[in-house]
*Asks:* 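Submitted below is the structure of interest, expressed as structure tokens.
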Amino acid sequence: MNYLDELNPPQREAVLHKDGPIMIIAGAGSGKTKVLTTRITHLMAAHKVDSFNILALTFTNKAAAEMKERVEKTLGNTEARNLYIGTFHSVFARILRSEAPKLGYPSSFTIYDTDDAKSVVKTVIQELNLDDKHYKPNIVYNRISAAKNALVGPAEYISDWALQQEDTRANRPAIGQVYDAYAKRCFKNGAMDFDDLLFKMYILLKNFPEALSKYQRKFKYILIDEYQDTNPAQYEIIKLLGAMHENVCVVGDDAQSIYSFRGATIENILQFQKDYEEVKLVKLEQNYRSTKNILHVANVVIANNKAQIEKRLFTSNDEGEKINLVRTMTDNDEGKMVADTIQEQKLRNHYFNKDFAILYRTNAQSRSFEEALRRMGIAYRIYGGMSFYQRKEVKDFIAYLRLVVNPKDEEALKRIINFPARGIGKTTMDKAILYSNEHDCSVWDIVAQAAKYGFRSGTLESLNGFTTMIKMFRSELDKKNAYDLAVIVGKSTGIVKELFNDKTTEGLARYENLQELLNSIKEFTETPMNEEDGEVGDKGLGTYLQQITLLTDADDDKDQNPDVVKLMTIHAAKGLEFPVVFVGGLEETLFPNAMSINTREELEEERRLFYVAITRAKQRLFLSFSNARYRFGQLQQNDPSRFLEEIPEKYLDRSYAGGAMKNTGNHTPAFERMNRGFHNSQGRSSAESEAEKYYGAPPGKTSTPSYIISKTFNKTVEHVPSEGFTASDISNLRAGQKVEHQKFGYGEVTKMEGAAHNPIATVKFDLNGEKKIMLNYAKLRIIE
DNA sequence: GATTATATGGTTTTT
DNA sequence: CCATATAATC
């Protein structure tokens, strides 16, 4: 049992506690994954607990796979494959699949992702004749989602006075009705959305005592990771499942609770202690991940939150470097600074690409980083954003597969009934949907018997052609594995061929995406699975579809180049660690986000998010913010994030000038001057930008480089700098001289103005008109 | 019914 | 800026 030797005292205490509820408060980087895996190992090795009787719920499927692997390695056998381990959603989906008939669902039920669900909400709103100005699918869907996560069903929602009041005040009194219609529609479609996987699981356990007792007996030991991010639905399910043995082990960190928008509540941590008689409490406070500097900063920042469980994180790691704080002029400069710094750090400190992560608050921020990295030829991978499975061509193809598995899936049917074009348009579909509502049957039932419902001539022929094809696929469903069937679908529908014939660049990319999809299906078909999976349609399409819908961003980095810089939101970075971390966009309205500064609770969650970002770093941390950035296609000025002010100056290094940027030009590099601090000096001060928000920039005063402004008002004619372009010494520049600008091309100086320390030249460019150029920032080459 | 032009409006964060 | 929704036109 030498695996116990690697643990510190509290960790060992958590592992050795066998029966009864236990809560582990685990600070960032305190080895909670290690504790969880060792605990599972110990239960199996020392206490002879059968692997079939252990349920472990993690935040990503990847984390689940890693845990499985580690247990397997320590035990030296393959017992670990019998563990029930995965995300809440995927584990429950698997259970619901075998229990679906109890709830009136087909075992082949479809899982709707957010897009599908919103689309259903939208149809329902339209069918109820509600004004979509007030009933925005997004808002309504979120409301329904929140209800489900709180275990509030449609009937209860409608009869709840407080909810009614709230909706009425928001001018949306009929949300309850929409919820009801939406739930019925999903049921009719044989589909569950993400929240249903929890909600229906709860219903199953609550309403079917034999099912409850079956799973209570099965799961003698339950372990839950990232407990701070569980919602009430998850809480109640665990309470039910664990009620028989009460061997529930939860691990969490209240300081890292960042999913309240998904219904998660720290209350669950407090409630846990109330719900069980005697809860063993263990705190893991030694951090093994970060340098002292990084950890101190994290501690200082999080101390500004009022609501927290007391703990003090410490580390015996080295002091480490100070935290670099970098200011840039634009989001593009920020991207460039980060890319340059990565290049520099690789050379100077012998890092690999894979040692770097760039974290940000919103997915939209990835663009500037991506462009800069690509320009520098640095390999990278973006997690999240528009994922592979959300691309149109992929979704279309998958819609076929979904329809084959579950013909009642109206969303899938609507998506592909006329793709590729076969002359079945909107009017026909509207009619079919109308009939389906009248006859209370699925849309598929209508189109499959088109003649009976009065469709004629061309339309009838098209419909029959379509349904015959789908029926043919269905007849193969039980005979062929997922891949073989997918190939047939690709061929018979003509989708693959159509994309193959499209020789445009995008067409080619789409074709490749389809090939990649087919490859992934093939891989799925060829990978052996858990022994227990035999019970649910093994290698069929159904299992495949379930799996991909529940894939997390973190999950699918198969066969990719492993040495890449990773870009992701802070949310997606939870649970991960990197030697060097960049956190970008530390600006007011972005981080903390403007949507989340209205209550103390929201602001504290933003701060926890910042805390999570900081604590991802092992050795080096770079924080950056930008004076201005593009948002909605418009340049927006922002003040530095209030969180930056919470970091004591002694931990900060503001002198960092941004990698190779230091050596461009022969005047003081722009970055250096920008980084002298945001309270004074040449950079835009807080007060200055504050004033400009209200009054606008004074005429003649351009405190941002002119090229930013030009982008806002008119498109720049791109100029490729002449060979060997080097910025000239511009201290003696005067009107009449001919110059070359890196971006605007050739032009003539018409006027000089501005103070000595901040000279501004007006240049009339041949192709881009007259611009005011701040010489401190712009690079000009004097021609004559 | 399909293809193309124009308008609109949307950005937190995710299973 | 970008993606999707609606209108206009064939």
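Chain identifiers are assigned alphabetically (A, B, ...) following the order of the sequence lines, protein sequences preceding nucleic acid strands; residue numbering begins at 1 within each chain.
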*Asks:* Which part of the nucleic acid, if any, lies within contact of F591(A), taking any heavy atom under 4.0 Å across all strands shown: a base, the sugar-phosphate backbone alone, or nothing?
*Replies:*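 Touches nothing.
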
*Asks:* Is T114(A) touching bases, backbone alone, or none of the nucleic acid, heavy atoms closer than 4.0 Å?
*Replies:*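 Base, at least one base atom sits under 4.0 Å.
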
*Asks:* Rounded to whole angstrom units, what separation is found between the CD atom of Q390(A) and the C1' atom of dT15(B)?
*Replies:*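 From Q390(A) CD to dT15(B) C1': 12 Å.
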
*Asks:* Could you tell me the separation between the CG atom of L603(A) and the C1' atom of dT13(B), rounded to a whole number of Å?
*Replies:*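 Going from L603(A) (CG) to dT13(B) (C1'), I get 15 Å.
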
*Asks:* Give a yes/no on whether any side-chain N or O of N231(A) is located under 4.0 angstrom from OP1 or OP2 of dT15(B).
*Replies:*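 For dT15(B), OP1/OP2 do not have a side-chain N/O of N231(A) under 4.0 Å.
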
*Asks:* I need the CE-P distance between M429(A) and dA2(B), as an integer number of Å.
*Replies:*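 After rounding, the gap between these two atoms is 13 Å.
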
*Asks:* It should be established whether K122(A) places a side-chain nitrogen or oxygen under 4.0 Å from OP1 or OP2 of nucleotide dA5(C).
*Replies:*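 Checking dA5(C) against K122(A), a side-chain N or O does come within under 4.0 Å of OP1 or OP2.
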
*Asks:* Do the side chains of Y215(A) and L240(A) get nearer than 4.5 Å, heavy atoms only?
*Replies:*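 They are not in side-chain contact.
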
*Asks:* Rounded off to whole Å, could you give me the CD-to-P distance for the E370(A) and dC2(C) pair?
*Replies:*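 Distance, rounded to whole Å: 12 Å.
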
*Asks:* Starting from the 5' end of DNA chain B, give me the residue, E605(A) or R422(A), whose nearest nucleotide shows up first.
*Replies:*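 Closest to the 5' end, via its nearest nucleotide, is R422(A).
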
*Asks:* What integer number of Å spans the C1' atoms of dT6(C) and dT11(B)?
*Replies:*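 Their C1' atoms lie roughly 23 Å apart.
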
*Asks:* Regarding N305(A) and Y611(A), do their side chains bring together a donor and an acceptor under 3.5 Å, going by distance alone?
*Replies:*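 No.
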
*Asks:* In whole angstrom, what separates I382(A)'s CD1 from dT14(B)'s P?
*Replies:*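 Roughly 13 Å, once rounded to whole Å.
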
*Asks:* Expressed in angstrom and rounded to an integer, what is the separation of K118(A) atom NZ from dT4(C) atom C1'?
*Replies:*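 From K118(A) NZ to dT4(C) C1': 13 Å.
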
*Asks:* Rounded to the nearest angstrom, tell me the gap between atom CZ in F419(A) and atom P in dA2(B).
*Replies:*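 So the CZ-P distance, F419(A) to dA2(B), works out to 13 Å.
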
*Asks:* Round to a whole Å and report the spacing from CD of E371(A) to C1' of dC1(C).
*Replies:*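 Atom CD in E371(A) sits about 12 Å away from atom C1' in dC1(C).
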
*Asks:* Are E605(A) and R608(A) ion-paired here, with the side-chain N under 4.0 Å from a carboxylate O?
*Replies:*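 Yes, charged N to carboxylate O under 4.0 Å.
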
*Asks:* Would K392(A) count as a cation-pi partner of F419(A), with NZ or CZ less than 6.0 Å from the six-membered ring centre and within 45° of the ring normal?
*Replies:*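 Here K392(A) passes the 6.0 Å and 45° test against F419(A).
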
*Asks:* Would you call P232(A) and T265(A) a side-chain contact if the rule is heavy atoms closer than 4.5 Å?
*Replies:*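 Sidechains of T265(A) and P232(A): in contact.
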
*Asks:* For nucleotides 10-12 of chain B, which of its nitrogen or oxygen atoms have a protein nitrogen or oxygen under 3.5 Å away, and what is each distance?
*Replies:*
| from | atom 1 | to | atom 2 | distance (Å) |
| --- | --- | --- | --- | --- |
| dT11(B) | OP1 | N138(A) | ND2 | 3.3 |
| dT12(B) | O2 | R361(A) | NH1 | 2.6 |
| dT12(B) | O2 | R361(A) | NH2 | 2.2 |
| dT12(B) | N3 | S596(A) | OG | 3.3 |

*Asks:* Between K395(A) and D113(A), is the closest basic N to carboxylate O distance under 4.0 Å?
*Replies:*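 Salt bridge between D113(A) and K395(A), a charged N being under 4.0 Å from a carboxylate O: yes.
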
*Asks:* Give a yes/no verdict on a cation-pi contact between K200(A) and Y105(A), requiring under 6.0 Å between NZ or CZ and the six-membered ring centre and an angle within 45° of the axis.
*Replies:*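 Verdict for Y105(A): no cation-pi partner in K200(A).
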
